[in-house]
Amino acid sequence: MAKIDIFPGNFTLSIIKPDAIENGYISNILIKIMDDGFKITAIKTITSSKKSMIKFYEIHEKKSFFNSLINFMSSAPIIPMILKKKNAVKDFRKLIGNTNPLIAKKGTIRNLYATSLEKNAIHGSDNNSNAIRECKFFFPNLLSL
Ligand code: CMP
């Protein structure tokens, strides 16, 4: 099977989170992403185990919100996707806005669709090496790297 060629800098990993799915925002969010010039290269709906989310968010292990975040992200379906665009990581973080929806700029995905600091609608990789790690995490058999 042909694999996806990942070039650092041109890909990012996003997850539509349970709150946004529950609130009926899947299509609004996908349209915002495509209108901003991103190509959706891979996408799936899954319900993640706690164990898997603990691994995914391991860099936040010591944070006070860690247990709550893990419970939230494994409580209901999520939609991970690989997004392709030049300067994907930086451009996508601009599109989704600040982690805190109260601070996120007007018109950003979190400003429009997030529920709270934890239930903030969407995830985006924070740098190129994490983007590769996170794309591999959810789509291990699709990538050429
Ligand atoms: P995300 O971009 O997925 O990366 C880590 C997640 O932890 C973040 O979005 C939020 O869902 C959550 N998070 C970050 N900071 C806090 C906080 N102070 N309180 C609760 N949840 C947080």
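Atoms within each ligand, like the ligands themselves, are counted from 1 in listed order. Throughout, residue positions are numbered sequentially from 1 according to the sequence presented.
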Quiz item: So which residues get pulled into I29's cluster when ILVMFWY side chains under 4.5 Å apart are joined, directly or through others?
Solution: I16, I21, Y25, I26, L30, I33, M34, F38, I40, I43, I79, M81, L83, F92, L95, I96, I109, L112, Y113, I122

Practice problem: Report all protein residues having a heavy-atom distance below 4.0 Å to some atom of ligand 1; order the list by chain, then number. | Solution: K17, Y57, H60, F65, L69, T99, R110, L117, E118, N120, H123

Quiz prompt | Pairwise side chain to side chain donor-acceptor pair (under 3.5 Å) hits with a residue in residues 91-103, at least two apart | solution = K85-D91

Self-check item: Donor-acceptor side-chain pairing of K17 and N120 below 3.5 angstrom
Solution: yes

Donor-acceptor contacts, no H, no angles, side chain residues 56-66, under 3.5 Å, sequence neighbours left out:
{"from": "E58", "atom 1": "OE1", "to": "K55", "atom 2": "NZ", "distance (Å)": "3.0"}
{"from": "H60", "atom 1": "ND1", "to": "K63", "atom 2": "NZ", "distance (Å)": "2.9"}

Quiz item: Heavy-atom count around K39 NZ within 6.0 Å, excluding the residue itself: above 12?
Solution: no

Quiz item: Taking it one step at a time, do F137 and L13 satisfy side-chain contact (heavy atoms from CB on, under 4.5 Å)?
Solution: CA-CA 10 Å; F137 185 91; L13 187 281; over 6 Å; no

